[in-house]
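Written below as structure tokens is the structure these notes are about.
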Amino acid sequence: MFTPSNIHTFADARRLAQKKLPWMVYDYIDGSAGEGFADSLNRQVIAKARLKTQVLRNVETRSLAHHVFDKSTNLPFGIAPMGMCNLSTPGADLMLARLAASHNIPVGVSTAASTPLEKMIEVACGNAWFQLYFGGDESVSNKLIDRAEACGYEVLTLTVDVAEVGRRPRELRRGFKMPFRIGPSQFFDFAMHPRWSLNTLFRGAPTLANFGGDTGHFDRTKSRAGADWEFLARLRERWQGKLVVKGVLGADDAIKLKNQGVDAIQVSSHGGRQLESAPLAFNALGDIREALGDIREALGEGFPLFYDSGIRNGEDIIKAYAQGASFVMLGRPLLFAMAAKGEAGLLELCDVYQQELSIGLALMGLTSINEIQSTMLTTEPYSLNK
């Protein structure tokens, strides 16, 4: 029987979320830089990549277990750092932390999170990575780093592709700002979405929970253009845990980062939210893996490359591994699932991805994520706009 409230795909979660969220919040989550070409073209590249199938292989027993750094995970994907998750639904940050704890997967905790970084790692049972935006004041960054170290974070992710916040016309048209500035259009918007508005009012409007007191104030529109290679060197010296640099799309930068002593690179176009004409993230993943000189016959070999941007289903996750990823991170789909149905929606979409991954492996003649090879991915030679 058709049940329109069920989540079977990313599109279902997005459709349900669109009905429930205020237009301003929906456009903030769904929007991209410019006209959205970076996001849509990257999606086309991923969708048109083909996976090799193999038949008459015993695939009765399959495993989705994987690893990242020196830790085992129950699933081959983690949760990308996302700011102000509680805009999707109250308590979203903690829903993600509980998902991370239950599957032993990392959850990225954004500098701009709605929940304090100390609470996030506690609820995630240690499965949390802290993501740092450099806001121009290195003393503030150092205070955040010290807090992360003090409460047990072992991985720090430095996001480097937001020297300036990209122009996102959908946000601009809606007058999206943090904290909210309520004008006539925003008042009407919230009034037309009473369930979200009343729930948010009852639970409290989301705040930038990692700031205040001696940590100062966070301005999401403030220039971060002062971050440079010298800042990275100081950060590498200060942070003794694993250091990931996120937002890399160039092979030359990747080689230099590896030589600078970072522990992993996260290939990402920020979900198409920054530079509309940037290289397509999925292609960049393959280029960077090749440039590092360690294209692998077996998964897990070579320098750690993490990937996010444009992942919408389980087969996309498999494709990212075949393209050279060591681990995959998800973002926007999880926000939509929570906006659609709260924690139940998050678990529902996670279960969908697990099913798609397991079925995908079986149809490829594989029993484990670790059996994926680069030779199992091909790109059809036809135009992207067909």
Side-chain angles (χ1 to χ4, degrees), residues 3-33 35-36 39-40 43 79-99 110 112-115 165-209 220 270-273 308 310-313 330-350 352-353:
T3 51
S5 64
N6 284 355
I7 295 176
H8 300 288
T9 65
F10 164 81
D12 289 337
R14 183 173 181 256
R15 170 180 53 82
L16 293 170
Q18 187 175 16
K19 292 180 179 179
K20 294 189 175 183
L21 290 172
W23 305 311
M24 181 176 70
V25 175
Y26 176 77
D27 281 347
Y28 164 70
I29 295 173
D30 192 58
S32 302
E35 298 300 319
D39 185 38
S40 62
R43 275 298 310 143
I79 304 163
M82 296 174 284
M84 299 301 293
C85 290
N86 287 4
L87 284 173
S88 65
T89 192
D93 276 332
L94 296 180
M95 295 175 193
L96 295 172
R98 287 190 287 270
L99 183 71
S110 173
S114 315
T115 305
V165 175
R167 291 192 79 257
R168 303 166 194 164
R170 289 170 63 178
E171 289 183 22
L172 297 173
R173 294 185 189 109
R174 298 295 187 191
F176 181 90
K177 296 181 183 298
M178 288 303 300
F180 290 143
R181 294 181 183 175
I182 307 299
S185 62
Q186 288 79 26
F187 182 83
F188 180 74
D189 187 3
F190 292 167
M192 292 295 292
H193 299 88
R195 181 179 299 180
W196 181 93
S197 299
L198 291 173
N199 197 18
T200 299
L201 180 65
F202 178 76
R203 299 282 294 274
T207 62
L208 294 164
R220 70 182 288 267
H270 218 96
R273 294 166 67 80
D308 71 73
I311 299 295
R312 297 291 181 264
N313 56 56
L330 304 180
R332 192 176 287 163
L334 307 182
L335 289 182
F336 281 141
M338 292 184 292
K341 299 176 67 174
E343 195 156 9
L346 177 65
L347 298 177
E348 198 170 339
L349 185 62
C350 184
V352 166
Y353 286 162

Rounded distance [0.5 Å steps], [atom1] in [X] versus [atom2] in [Y]:
{"X": "Glu171", "Y": "Ile29", "atom1": "CD", "atom2": "CD1", "answer": "10.5 Å"}
{"X": "Met84", "Y": "Thr115", "atom1": "CE", "atom2": "OG1", "answer": "9.5 Å"}
{"X": "Leu96", "Y": "Ser88", "atom1": "CG", "atom2": "OG", "answer": "7.5 Å"}
{"X": "Leu334", "Y": "Leu349", "atom1": "CG", "atom2": "CG", "answer": "6.5 Å"}
{"X": "Arg332", "Y": "Asp308", "atom1": "CZ", "atom2": "CG", "answer": "10.5 Å"}
{"X": "Ile79", "Y": "Leu99", "atom1": "CD1", "atom2": "CG", "answer": "4.5 Å"}

Hits for ring-ring contact (aromatic ring centres under 6.0 Å, His included) against Phe336, two or more places apart or cross-chain, chain-then-number order -> Phe10, Tyr26

List the steps and the verdict of side-chain contact (heavy atoms from CB on, under 4.5 Å) for Phe176 and Asp27.
CA-CA 9 Å; Phe176 181 90; Asp27 281 347; over 6 Å; no

Please answer whether the main-chain N or O of [Y] pairs with a side-chain N or O of [X] as donor and acceptor at a distance below 3.5 Å.
{"X": "Ser197", "Y": "Phe190", "answer": "yes"}
{"X": "Asn199", "Y": "Trp196", "answer": "no"}
{"X": "Arg168", "Y": "Arg273", "answer": "yes"}
{"X": "Tyr353", "Y": "Glu348", "answer": "no"}

*Does Asn86 reach the side chain of Arg203, with side-chain heavy atoms less than 4.5 Å apart?*
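No, too far: nothing below the 4.5 Å cut-off.
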
Pairs touching residues 183-194 that satisfy side chain to side chain donor-acceptor pair (under 3.5 Å), sequence neighbours left out: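 Only Asp189-His193 qualify under side chain to side chain donor-acceptor pair (under 3.5 Å).
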
Looking only at heavy atoms, what is the nearest atom pair of [X] and [Y], with distance?
{"X": "Pro194", "Y": "Ala191", "answer": "CD-O, 3.6 Å"}
{"X": "Pro206", "Y": "Thr200", "answer": "CD-CG2, 4.0 Å"}
{"X": "Val352", "Y": "His8", "answer": "CG1-O, 3.4 Å"}
{"X": "Ala92", "Y": "Cys85", "answer": "CB-O, 3.4 Å"}
{"X": "Gly272", "Y": "Ser32", "answer": "O-CB, 3.3 Å"}
{"X": "Ile7", "Y": "Ala340", "answer": "CD1-CB, 4.3 Å"}

* To do: Evaluate the side-chain contact (heavy atoms from CB on, under 4.5 Å) criterion for residues Trp23 and Arg174: first the C-alpha distance (whole Å), next the side-chain angles of each, then the deciding distance (0.1 Å), finally the verdict.
  => CA-CA 8 Å; Trp23 305 311; Arg174 298 295 187 191; 3.4 Å; yes

Residues passing the side chain to side chain donor-acceptor pair (under 3.5 Å) test with Lys20, sequence neighbours excluded, are none

Residues passing the side chain to side chain donor-acceptor pair (under 3.5 Å) test with Ser114, sequence neighbours excluded, are none

Does [X] have any side-chain contact (heavy atoms from CB on, under 4.5 Å) partners at least two apart in sequence or in another chain, and if so, which?
{"X": "Ala33", "result": "Glu276"}
{"X": "Arg173", "result": "Pro169, Arg170"}
{"X": "Ser40", "result": "Phe37"}

request  = Output every pair passing salt bridge (charged side-chain N to carboxylate O under 4.0 Å, His left out) with a member in residues 84-98, not counting sequence neighbours, ordered by first then second residue.
outcome  =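 Residue pairs with at least one partner in residues 84-98: Arg98-Glu343.
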
